[in-house]
Amino acid sequence: MKTNLILLLLLISISLTAQEKNKKETIVVSGNCAMCEARIEKAAVQTKGVKYASWDIPSHQLTLILDERKCSLEEVKKAIANAGHDTESFKAPDEVYNALPPCCLYRDPESIKMEHH
């Protein structure tokens with residue numbers, strides 16, 4: 001009985017230390033322009049636990065610093081998709097995506113030729 005309790009406490013302490021306070025992650029997020037950049041970064045940092053978000057337009061890489069004790073990477077990806085931008089794990093809902101400005105419609109290959117603001 002005592003051994004089981006010690007083992008349980010050990011497992012709990014290991015799982016708690018596995019979550020990092022300042023975890024750096026990089027994910028791919030679809031978008032085209034500076035308006036996309038602002039929308040993606042805003043959706044990320046409004047997710048409780050995200051401390052930093054910076055999206056690079058040419059590479060489509062979003063760099064994040066997050067507190068895994070407060071949110072998961074999957075929660076951040078879902079928030080970004082709900083703002084209209086596809087991630088590796090989540091596709092933006094069509095109604096949200098279709099409401100983006102024309103230059104932000106990254107699924108349309110012609111949108112990249114538009115003037116971006």
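Values below: all heavy atoms of this structure, side chains included; hydrogens, waters and symmetry mates excluded.
Among all heavy-atom pairs drawn from Ala83 and Leu100, the shortest one is O-CD2, 4.0 Å. For Leu66 against Cys71, the heavy-atom pair with the smallest separation is CD1-O, 3.7 Å. When all heavy atoms of Ala53 and Leu64 are compared, the pair lying nearest together is CB-CD2, 3.7 Å.
Asp56 meets the salt bridge (Lys or Arg N to Asp or Glu O under 4.0 Å) test with no other residue; sequence neighbours excluded. Residues passing the side chain to side chain donor-acceptor pair (under 3.5 Å) test with Lys51, sequence neighbours excluded: Asn22. Partners of Lys70 by salt bridge (Lys or Arg N to Asp or Glu O under 4.0 Å), not counting sequence neighbours: none found. For Asn82, the side chain to side chain donor-acceptor pair (under 3.5 Å) criterion is met by no residue, not counting sequence neighbours. Considering only residues two or more places apart in sequence or on other chains, Ala81 meets the side chain to side chain contact (heavy atoms under 4.5 Å, CB included) condition with Phe90. Shown here are the side chain to side chain contact (heavy atoms under 4.5 Å, CB included) partners of Ser30, two or more places apart in sequence or in another chain: Asp86, Tyr106.
Atom SG of Cys103 is separated from atom CG of Asn32 by 7.0 Å, given to the nearest 0.5 angstrom. In this structure, Thr47 OG1 and Asp67 CG are separated by 13.0 Å, a value rounded to the nearest 0.5 Å.
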Full working for side-chain contact (heavy atoms from CB on, under 4.5 Å) between Ile65 and Lys23: CA-CA 5 Å; Ile65 296 176; Lys23 174 96 182 229; over 6 Å; no
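Connectivity analysis of hydrophobic side chains (ILVMFWY, heavy atoms under 4.5 Å, direct or indirect) links Val96 to nothing; its cluster partners are none.
Pairs of residues two or more places apart, or lying in two chains, that qualify as side-chain hydrogen bond (donor to acceptor under 3.5 Å, both in side chains) and include a residue from residues 87-100 are Glu74-Ser89, Lys77-Glu88, Lys77-Ser89, Asp94-Arg107. Contacts classified as ring pair (Phe, Tyr, Trp, His ring centres under 6.0 Å) and involving residues 25-53 (residues at least two apart or in different chains) are not found.
The same ILVMFWY cluster, assembled from side-chain heavy atoms under 4.5 Å apart, contains both Ile57 and Val45.
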Can I get a per-line list of side-chain donor-acceptor pairs under 3.5 Å for residues 33-43, giving both atom names and the distance, sequence neighbours left out?
| residue | atom | partner | partner atom | Å |
| --- | --- | --- | --- | --- |
| Arg39 | NH1 | His85 | NE2 | 2.9 |
| Glu41 | OE2 | Trp55 | N | 2.8 |

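Side chains of Ile80 and Leu62 form a contact here, defined as non-hydrogen atoms less than 4.5 Å apart.
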